[in-house]
Number of protein chains: 2
Amino acid sequence: MATMAEVAREAGVSVATVSRLLNQQGTVSPNTAERVYAAIQKLSYEPNLLARNFRKSESRVILILAPNVTNPYYAHILSGIGDAAAGQGYAALIFTTGDDPAREREALEMLKKHRADGAILIASDMGCNWLLEYADRYPIVQCSEYDPEVDIPHVSIDNYQATQESMEYLIALGHRRIAIISAENAYISTSLRVKAYRDTLARHGIAPREDYIAQASRDYSFKSGKWRAKELLGIDPRPTAIFCISDTLALGAITAAKELGLRVPQDVTVVGFDDVEHTTMLHPYITTVAQPCYELGKQSAHLLFARMTQGKEIPRQTLLKHELIVRESSAPPDLLE
Amino acid sequence: MATMAEVAREAGVSVATVSRLLNQQGTVSPNTAERVYAAIQKLSYEPNLLARNFRKSESRVILILAPNVTNPYYAHILSGIGDAAAGQGYAALIFTTGDDPAREREALEMLKKHRADGAILIASDMGCNWLLEYADRYPIVQCSEYDPEVDIPHVSIDNYQATQESMEYLIALGHRRIAIISAENAYISTSLRVKAYRDTLARHGIAPREDYIAQASRDYSFKSGKWRAKELLGIDPRPTAIFCISDTLALGAITAAKELGLRVPQDVTVVGFDDVEHTTMLHPYITTVAQPCYELGKQSAHLLFARMTQGKEIPRQTLLKHELIVRESSAPPDLLE
DNA sequence: CTGTTAGCGCGTTCAA
DNA sequence: TTGAACGCGCTAACAG
């Protein structure tokens, strides 16, 4: 592999000139520029990023932490981040944490070691005692989840508002016995959705029943959704609608209903959250709140770049637009029952 | 951020000693070792990977090229690669190519620039004229797709054998009018599957009908599967079974059947390929060929590491086990029709 | 507009 | 067992 010194010798100039040309720093006469380019061509020179990055003390890498990479919700966010990063000449280093704070912390060490210039935390619900220290010293942005008490820039949607809209929609349809399948995690999205669920019911004078509030596994697994739904649908009086805080859970609820001989939406309405694409592949298509996953990722990356260049003078919170999409899994309750 | 020199000064030793200790190179007396560790602790020193990697002329990064990151098939492979890489102290740099050879090539330039030590190409159907040059100079491994004519190590499954098993299964069920939905791409998996489809029919004395052979979009989109299936199901005589080369296409075929008022599997059998998890979320559960995606990724990474350490003396082809999983979407044809 | 030069932080000789 | 010294390839400050 040719080095810059060799190129310089070949072109009969100094390394500084070659460097200047490559970095559009200062000015180089068209004449010598041409000679240098010829030399580069001839030796098929490629700059050594190991050396360049070392010299400039930057890695041009951003760290992405996600619970996993197979959940389509995360995958779409990653996609948005990846494209935005590539557009800025950055590479995305993806670390999966499996929701393990220890691995999360371990990954953030990469920042200290100069393996990455900044980090985006996707769906991290960390205690934030020590996270803030990192965010103070390094550019860190959170995506989709965050701690409202902690001052770390983040991109998300208005989970409270989105849930409220879903609930208003269900109530307008005529539903009164509305259950919810939430999840056993500490995500802000989860608590905001549960809160909006309770508040909206209360505002309409509907007393929330504690047995209508179920919790699925922390990773929103299909199976846990199915089990919780079966329990809910066994309650007397049976809920006429189930609001699920993720599409996977909604799919589980629909399967549970079918296995109990209940039709969706005629016998029970099911509403999801996220709008991951594979739910549009089989009937009934799910009524759900669409999140702009790709955009969530893209904006997170842009926010991170802003943080890296402009320092801490960036917005603390960016909320993107959601959208309630009404499809087939929701209908008015059967009032004759 | 403290440097090694500062640690050395603090401990009253030379940088060489600190370095030796950190790299378990040579020997350091327990006495001084302790002093050095104390200094490291006190200054909370972290080695600068930028400098270390530069010095050792290695990036400890492997490049992953994938068409996208949202297709669950790729996502699971990425998951396997990521875990294997992390286990070896490597970071996985994921680049999405959108099936664009230009972007693929651009990404491989990273190898020349020393941004990565090796690369894994997932589902790359490149012409391979120039790919071989790269593979000759750098550690490169292909995952899932490869060119049989080109000598690049790869990990995949036996697509021919797997398809043959599916076809034998359908024929054993009594099917004779079997259609296939393939895809408009140049993947080896596609051509092997189509070939096995034809060969197996022929071996059973069934003349293949060209109009039973459909091609969906190159990325196996749900919609294209649906359209192709609708066309196939409109043919007289109507096929009693459709073999799809991906689960997404199978989902499309099932939807098409439903929209035409046909029941699966009573009126038409549908078989898929890949066994991506979300197909187990809604009925009918698909009969499909399961690919060990995670393992495919993991083995690819191990193969790459072998290539990086042992040079070119590694197996050219690694074939992992597939499995035909019979579920609900397949049944004997209705012989009374 | 161009060349000389000084490190960046580390690993690794070679001597002691 | 330890230390002194060199250089990886590049950028940037300075001098010309």
Side-chain angles (χ1 to χ4, degrees), chain A residues 1-40 42-61 89 109-117, chain B residues 1-40 42-61 89 109-117:
Chain A
M1 204 80 275
T3 89
M4 217 162 88
E6 299 180 66
V7 171
R9 189 173 340 116
E10 176 71 27
V13 297
S14 74
V15 288
T17 303
V18 180
S19 175
R20 265 191 296 260
L21 194 62
L22 261 39
N23 300 287
Q24 0 256 23
Q25 212 84 243
T27 50
V28 177
S29 85
N31 200 324
T32 51
E34 195 153 342
R35 289 214 316 283
V36 173
Y37 281 130
I40 287 176
K42 181 174 174 190
L43 302 176
S44 65
Y45 165 79
E46 297 276 350
N48 183 334
L49 294 186
L50 251 28
R52 172 181 294 176
N53 292 338
F54 166 52
R55 177 60 231 258
K56 301 179 82 166
S57 194
E58 67 171 13
S59 62
R60 307 251 358 136
V61 163
E109 303 271 294
M110 299 283 96
L111 256 17
K112 290 187 191 166
K113 298 192 207 295
H114 292 270
R115 193 193 247 315
D117 298 336
Chain B
M1 205 79 275
T3 93
M4 221 164 84
E6 299 180 66
V7 172
R9 187 170 343 117
E10 175 72 26
V13 298
S14 73
V15 288
T17 303
V18 180
S19 175
R20 264 191 296 262
L21 194 63
L22 261 39
N23 300 286
Q24 4 254 24
Q25 212 84 240
T27 50
V28 177
S29 84
N31 200 324
T32 51
E34 193 152 345
R35 288 215 315 283
V36 174
Y37 282 130
I40 287 176
K42 180 174 175 190
L43 303 177
S44 64
Y45 164 79
E46 296 276 349
N48 183 335
L49 294 186
L50 251 27
R52 171 181 295 175
N53 292 338
F54 166 53
R55 178 59 231 264
K56 301 180 81 166
S57 194
E58 65 171 16
S59 63
R60 307 274 319 163
V61 163
E109 304 271 295
M110 298 284 97
L111 291 172
K112 290 187 189 165
K113 297 191 208 293
H114 292 270
R115 193 192 247 313
D117 298 336

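Note that the structure is a prediction, hence the values are computed from the model and not measured. Protein chains get the first letters and strands the later ones, always in sequence-line order, with residue 1 at the start of each.
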In this structure, how many angstroms lie between the [atom2] atom of [N] and the [atom1] atom of [X], rounded?
| X | N | atom1 | atom2 | value |
| --- | --- | --- | --- | --- |
| B/Leu21 | D/dG3 | CG | P | 12 Å |
| A/Arg9 | D/dG9 | CZ | C1' | 14 Å |
| B/His114 | D/dG9 | NE2 | P | 8 Å |
| B/Glu58 | D/dC8 | CD | C1' | 13 Å |
| A/Arg35 | C/dT2 | CZ | C1' | 11 Å |

Legend entry - Enclosure of A/Glu34 CD (heavy-atom neighbours >12, cutoff 6.0 Å):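 Atom CD in A/Glu34 is not packed in, count stays at 12 or less.
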Inset, instruction - Assign a letter to each nucleotide of nucleotides 10-16 of chain C from its 5' end: B, base within under 4.0 Å of a protein heavy atom; S, sugar-phosphate only; -, no contact. - result: BBB----
Inset, instruction - Using a cut-off of strictly less than 4.0 Å, decide whether A/Thr32 has a side-chain nitrogen or oxygen near OP1 or OP2 of C/dC1. - result: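 Result: no.
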Legend entry - ring centroid sep under 5.5 Å plus plane angle under 30, A/Phe54 with D/dC10: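 Not stacked: fails the 5.5 Å / 30° test.
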Distance-minimising heavy-atom pair for [X] and [Y]:
| X | Y | value |
| --- | --- | --- |
| A/His114 | B/Leu50 | O-CD1, 3.3 Å |
| A/Ala39 | A/Val7 | CB-O, 3.7 Å |
| A/Lys112 | B/Met1 | O-SD, 3.8 Å |

Inset, instruction - State, without any angle test, whether B/Asn53 and B/Ser59 hold a side-chain donor-acceptor pair at a distance under 3.5 Å. - result: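 Result is no, nothing qualifies.
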Legend entry - Flag, side chain of B/Asp117 to backbone of B/Glu58, donor-acceptor distance under 3.5 Å: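 Checking the backbone N and O of B/Glu58 against the side chain of B/Asp117, no donor-acceptor pair under 3.5 Å is found.
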Inset, instruction - Would you indicate which nucleotide in D/dC8, C/dT2, D/dT1 comes nearest to any side-chain atom of B/Thr27? - result: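 Closest of the options to the side chain of B/Thr27: D/dT1.
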